[in-house]
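Beneath this line is the structure, given in structure tokens, with notes to follow.
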Amino acid sequence: MTQYAPRKVIYDTDPGVDDAMALYFALAHPGIDVVGVTTTFGNVSVEQAACNALYLTAIANRDITVTRGVQSPWVKPGEPPPDFIHGADGLGNLPSRELTSNQLDPRASAQFIVDMARAYPDEITLVAVGPLGNLSLALKLEPQLPVLLREVIIMGGTIDEPGNVSPVAEANIWNDPHAADHVFTASWKLTMVGLDVTHRVVTELALFKKIADHHRHVATDTLHHAVAFYSTFYSGLHKHLALGPGCFAHDLLAFIYLVSPDLFQTESGCIRVATEGIAQGQTMLNRRAYIDYPQFGWGRHLPATRVCMQVDAGACLDLFEKTLMSDWLTA
Ligand code: BDR
Ligand code: CA
């Protein structure tokens, strides 16, 4: 049987409860090698995001490079962090934290992305699940980044599904729409995992209890605590999530796409982002690339993004459970 080397991944994140779920899936999955965690503002301040990334990796017994990145959007004023969704600390207001000793790398997140892409050309996959300021800044620092990176997968945006910060906008894109438009119009191999699929996959709190009971470990206890807080928010918002109770595992789906793209159905086309006004943060997909529209900004030369539109939710949940129930914390 052919053995494939695990995929080298930089995880760009604003942890964040679903960010933590996704991180632990990545650490647990044998096909993924997390070579760095770059943090950004978003669900929390960038200081808190970096602190959470250090904490989550340390309690899982991993010494992975963690960097601090952009602290505010490129152009628009910053929005207050959504403490009612993720808790003021981003992890559901943990009652206490263990003492840990992992230290922050002094480089800015964008510089770390550039350094790694240059050191490992065509090997690094960038999985970005927060506002896209780090990636946009890295692209400004190194215009060759789209050919140096193997692939970029983002959790963000929405095409047909209603938004979660406005009727048309998803939170990560809305938090820095100028950075997002910069990223969508660069020539990477880019996949968007947005609300069209993340709203189809509901993770129940009971599953996180099962995982915590199985491992009896601070990492999975922390995740269970955080998801309980996050599920309370989502259960109050959507009736079908109150039944479990449960929540959307948005960021997790970006990693599931990485290891099992066959679980998704995709469309391809140019995406632009509305940067201002009432539609700010809207991700617009051109489904008629053969038309020369009179509106400026939709030229035929623009690169295409692969967009996830449908997902096998049951298979995603099975993969998540199997991966988190494996022996990843003892390895
Ligand atoms: C996205 O916004 C954040 O709150 C989540 O972590 C996820 O990345 C979902 O819209
Ligand atoms: Ca996130």
Side-chain angles (χ1 to χ4, degrees), residues 9-26 34 37-46 48-50 52-53 56 66 69-70 73 78-92 109 126-135 152-177 179-180 183 191-203 223 226-227 229-234 237-238 241 246-258 273 280-283 307-308 311:
V9 168
I10 295 177
Y11 182 41
D12 190 55
T13 176
D14 57 337
V17 179
D18 56 321
D19 305 71
M21 282 181 211
L23 173 66
Y24 282 172
F25 176 82
V34 181
V37 180
T38 54
T39 59
T40 168
F41 79 93
N43 293 323
V44 285
S45 70
V46 69
Q48 187 68 49
N52 289 348
L56 291 164
V66 175
V70 295
E79 308 285 346
D83 56 0
F84 51 96
I85 305 177
H86 297 268
D89 69 347
L91 297 175
S109 292
L126 199 303
V127 176
V129 300
L132 293 168
N134 289 334
L135 196 47
V152 175
I153 302 170
I154 67 160
M155 188 282 130
T158 191
I159 303 300
D160 292 338
E161 175 74 1
N164 58 4
V165 285
S166 85
V168 296
E170 182 281 329
N172 287 338
I173 305 302
W174 178 74
N175 267 317
D176 197 341
V183 167
T191 303
M192 175 181 130
V193 181
L195 302 183
D196 299 286
V197 288
T198 71
H199 277 182
R200 305 280 91 77
V201 182
V202 177
T203 42
L223 186 62
V227 173
F229 184 98
Y230 183 70
S231 296
T232 303
F233 165 76
Y234 271 113
L237 198 62
H238 298 287
L241 299 187
C247 56
F248 299 129
H250 302 286
D251 296 344
L252 169 67
L253 275 271
F255 278 117
I256 295 197
Y257 177 82
L258 171 66
V273 178
Q280 183 180 81
Q282 180 174 13
T283 37
V307 187
C308 294
V311 60

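All of these numbers come straight from a predicted model, not from anything done at the bench. Counting starts at 1 for both ligands and their atoms, following the listed order.
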Nearest-contact summary for [atom] - protein heavy atom, Å:
| atom | value |
| --- | --- |
| atom 2 (O) of ligand 1 | Asn172 OD1, 3.4 Å |
| atom 10 (O) of ligand 1 | Glu170 OE2, 2.4 Å |
| atom 3 (C) of ligand 1 | Asn43 OD1, 3.2 Å |

**Item:** For Asp19, the ligand 1 atoms whose distance to one of its heavy atoms is below 4.0 Å
**Value:**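 Near Asp19, meaning under 4.0 Å from one of its heavy atoms, ligand 1 has 6 (O).
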
Counting only heavy atoms closer than 4.0 Å, does ligand 1 sit against the backbone of [X], its side chain, both, or neither?
| X | value |
| --- | --- |
| Val17 | neither |
| Ile85 | neither |
| Asp18 | side chain |

**Message:** the Ca ion (ligand 2) and Asp251: any N/O/S contact shorter than 3.0 Å?
**Reply:**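 Looking at Asp251, which is the residue asked about, there is an N, O or S atom under 3.0 Å from the Ca ion (ligand 2).
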
**Asked** Does the shortest distance from the Ca ion (ligand 2) to an N/O/S atom of Val129 fall below 3.0 Å?
**Response**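 So Val129 counts as coordinating the Ca ion (ligand 2), yes.
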
Would you check if the side chain of [X] reaches a backbone N or O of [Y] as a donor-acceptor pair within less than 3.5 Å?
| X | Y | answer |
| --- | --- | --- |
| Tyr11 | Asp19 | yes |
| Asp196 | Glu161 | yes |
| His86 | Gly16 | no |
| Asn134 | Thr39 | yes |
| Tyr230 | Phe248 | yes |

**Asked** What N/O/S atom of Asp19 is the closest to the Ca ion (ligand 2)?
**Response**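 Closest N, O or S atom of Asp19 to the Ca ion (ligand 2): OD2.
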
**Asked** In Asp14, what N, O or S atom is nearest to the Ca ion (ligand 2), if we give its atom name?
**Response**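 This turns out to be OD1.
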
**Message:** Regarding ligand 1, does Met155 bring an N or O atom to under 3.5 Å of one of the ligand's N or O atoms?
**Reply:**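 Looking only at distances, the answer is no, because the N/O contact criterion of under 3.5 Å is not met.
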
**Asked** Has ligand 1 got any nitrogen or oxygen that is less than 3.5 angstrom from a nitrogen or oxygen of Asp251?
**Response**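 In this structure, Asp251 places an N or O atom under 3.5 Å from an N or O of ligand 1.
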
**Item:** Inter-residue atom distance Leu253.CG - Phe25.CZ, 0.5 Å rounding
**Value:**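 Nearest 0.5 Å value for the CG-CZ distance: 10.0 Å.
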
**Item:** Euclidean distance, Thr158 OG1 relative to Gln282 CD, rounded to 0.5 Å
**Value:**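 Result: 9.5 Å between the selected atoms.
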
**Item:** Phe41 vs Pro81 side-chain heavy atoms within contact, under 4.5 Å
**Value:**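 Heavy-atom side-chain distance check fails, nothing below 4.5 Å.
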
**Request:** Could you verify whether a donor N or O on one side chain and an acceptor N or O on the other, from Thr38 and Asp12, lie under 3.5 Å apart?
**Result:**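 Indeed, the side chains of Thr38 and Asp12 share at least one donor-acceptor pair under 3.5 Å.
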
